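Protein chains get the first letters and strands the later ones, always in sequence-line order, with residue 1 at the start of each. Just so it is clear, the structure is predicted and the values come from calculations on it, not from any experiment.
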Protein chains: 2
Amino acid sequence: MSPTTETLTAERILEATEEVLRRHGPTKATVVDVARALGVSHGSVYRHFRTKAELREAVTKRWLDRASGALAAIADDGDRDPAQRLRDWFQGLFDAKRRKAGDDPELFATYSVLVDENGEVVGEHIAELVAQLTRIVEAGMASGVFAPGDPASVARALFHATDRFHDPCHAREWTRPEIQDELEAILQLLLRGLAA
Amino acid sequence: MSPTTETLTAERILEATEEVLRRHGPTKATVVDVARALGVSHGSVYRHFRTKAELREAVTKRWLDRASGALAAIADDGDRDPAQRLRDWFQGLFDAKRRKAGDDPELFATYSVLVDENGEVVGEHIAELVAQLTRIVEAGMASGVFAPGDPASVARALFHATDRFHDPCHAREWTRPEIQDELEAILQLLLRGLAA
DNA sequence: CAGATGACAGATTTCAAACTCTGTCATTTG
DNA sequence: CAAATGACAGAGTTTGAAATCTGTCATCTG
């Protein structure tokens with residue numbers, strides 16, 4: 001079975017769409033391009049995704065899910081000190097973002113456009129990240145390392161206080177040399193505020 | 001001396017430019033429009049501002065200076081508790097921003113465009129705001145209410161941790177009803193981290 | 001008959017020609 | 001003679017006609 005005769009699956013379409021987005025950028029990537037890349041007619045793509053918007057949304061979700069998967073490991077490593085786990089989680093998030101934005105700025109810009117047009121999916125992604133944070137905060141409160149409180153709203157506050165280091169609208173700042181020190185200064189202040 | 005024969009000053013040009021920007025928006029406001037509004041030829045405008053970019057920059061600076069002036073009063077009220085002054089300062093900044101964005105979204109969008117194209121002037125504006133914060137933090141450390149440290153870098157950390165509530169790239173969120181609670185949650189965490 | 005195709009209508013984007021704006025400067029005005 | 005003017009060249013923007021794309025569906029193929 002050669003690759004060109006493999007059955008057409010949603011997964012293969014998503015892979016081809018990522019490639020077309022990478023090559024053509026968010027404004028010029030068309031459904032016809034995706035079909036051409038797969039050697040099928042564009043009508044076949046519409047059998048798996050009802051609209052172009054739905055296809056772009058699915059690609060966005062896949063990308064965001066890969067990103068949150070990597071962080072879950074840090075969040076759920078229950079053996080380690082919650083304060084240190086919080087630091088590592090934020091540092092991991094920031095490093096991943098900065099690497100993506102720095103290594104391939106065009107692809108990052110492409111995904112920033114997709115993120116802007118898919119508020120719903122992004123909302124779920126952020127909810128997942130805050131849920132991971134909530135688990136760390138909960139562990140810290142349970143062990144008495146952190147002052148008691150509502151873990152979910154504390155987690156949300158931590159996430160928002162560090163927007164500068166993960167929200168793509170701040171991406172231009174991530175190349176400045178002081179940025180790492182700025183993150184550490186904020187984390188220190190937040191962790192001090194969190195301590196029992 | 002009727003208004004139309006008044007001498008042409010930089011100040012009058014800036015006022016006319018604000019009005020033209022308000023009416024036509026940032027993309028359609030031309031130097032010719034500004035000259036027409038003043039009843040002069042566009043060549044006369046170029047006697048006071050070397051380029052259109054310089055004129056737009058001057059308008060932006062004027063607007064930002066008006067904004068920081070209002071906050072300076074809170075920052076420099078030396079009689080009050082630094083912690084409460086910090087709260088009031090951030091609340092004042094947020095209220096002003098939210099009011100501008102909510103009351104006249106088109107004008108706010110216009111100034112957001114100007115802010116994007118004038119990084120230098122915005123940098124000075126932010127430096128002024130951080131300087132105001134630094135004065136509050138300094139007072140708090142001097143009086144022993146805040147833990148000792150470098151007031152300037154703590155002030156910068158406070159400013160960045162609250163980006164979500166003053167940076168125009170987050171303006172879309174400022175209409176959400178939970179936003180006030182989110183600000184208070186972050187301020188509480190930060191002030192706890194700051195306390196001696 | 002499940003899955004793929006490509007012709008098609010309406011929506012959207014592209015492209016080049018026409019137009020408007022910016023910035024300069026020789027000339028005019030008070 | 002200091003300040004203002006408006007004609008002008010080149011840069012940038014608008015506009016509408018042509019080209020392309022999206023989404024549907026009747027037809028085809030294995």
Side-chain angles (χ1 to χ4, degrees), chain A residues 1-61 106 109-110 112-114 116-118 121, chain B residues 1-60 106 109-110 113-114 116-118 121:
Chain A
M1 217 198 269
S2 88
T4 50
T5 52
E6 255 178 289
T7 41
L8 188 60
T9 61
E11 183 59 25
R12 281 189 67 219
I13 293 172
L14 288 177
E15 259 154 37
T17 306
E18 274 198 355
E19 181 56 24
V20 167
L21 281 165
R22 185 186 300 272
R23 282 212 149 87
H24 296 26
T27 56
K28 289 186 184 169
T30 71
V31 176
V32 172
D33 288 331
V34 173
R36 197 178 8 249
L38 289 162
V40 300
S41 77
H42 75 282
S44 302
V45 174
Y46 280 98
R47 177 164 295 282
H48 296 264
F49 296 94
R50 287 210 307 283
T51 63
K52 183 188 187 182
E54 196 173 280
L55 174 57
R56 286 163 78 100
E57 184 182 277
V59 169
T60 308
K61 183 164 169 23
E106 291 204 8
T110 292
S112 296
V113 170
L114 291 180
D116 273 345
E117 67 191 33
N118 289 287
V121 165
Chain B
M1 221 198 267
S2 87
T4 50
T5 53
E6 254 179 289
T7 42
L8 188 60
T9 61
E11 182 59 24
R12 282 189 66 220
I13 293 173
L14 289 176
E15 258 154 38
T17 306
E18 273 198 356
E19 181 57 22
V20 168
L21 281 166
R22 187 186 298 274
R23 282 212 149 86
H24 298 340
T27 57
K28 288 187 185 171
T30 71
V31 176
V32 172
D33 288 331
V34 173
R36 200 180 5 250
L38 289 162
V40 299
S41 76
H42 75 282
S44 303
V45 173
Y46 280 97
R47 177 163 296 282
H48 296 264
F49 297 93
R50 287 210 307 282
T51 63
K52 184 188 188 182
E54 196 174 280
L55 175 57
R56 286 164 79 102
E57 183 182 275
V59 168
T60 308
E106 291 204 7
T110 292
V113 170
L114 291 180
D116 273 346
E117 66 191 33
N118 290 286
V121 165

Heavy atoms, side chains only, cut-off 4.5 Å: are B:F49 and B:V59 in contact? no
Nucleic acid contacts - residues 50-59 of chain A versus DNA chain C, non-hydrogen atoms under 4.0 Å: none
Donor-acceptor pair, B:H48 side chain versus B:L8 backbone, under 3.5 Å? yes
Using a heavy-atom cut-off of under 4.0 Å over every strand shown, decide if B:V32 touches base, sugar-phosphate, or nothing. base
Is the backbone of B:A29 close enough, under 3.5 Å, to the side chain of B:D33 for a donor and an acceptor to pair up by distance? no
Regarding A:E19 and A:R23, does a basic nitrogen lie under 4.0 Å from an acidic carboxylate oxygen? yes
Taking side-chain contact (heavy atoms from CB on, under 4.5 Å) as the criterion, tell me which of A:R36, A:H42, A:R56 meets it with A:V31. A:H42
A:R36 CZ - C:dG6 P separation (whole Å): 13 Å
Calculate, to the nearest 0.5 Å, the distance between atoms OG1 and CG belonging to A:T60 and A:L21 respectively. 8.0 Å
At under 4.0 Å between heavy atoms, how does the protein contact nucleotides 2-11 of chain D? Give one character per nucleotide, 5' to 3', with B, S or -. -SBBBB----
Just how far, in rounded Å, is P of C:dA4 from CG of A:L38? 11 Å
Calculate the interatomic distance between A:F49 atom CZ and C:dA4 atom P; express it in whole Å. 13 Å
With a 4.5 Å limit on heavy-atom distance, are the side chains of B:V45 and B:T17 in contact? no
Where do B:P26 and B:T110 come nearest, in terms of heavy atoms and distance? CD-OG1, 3.3 Å
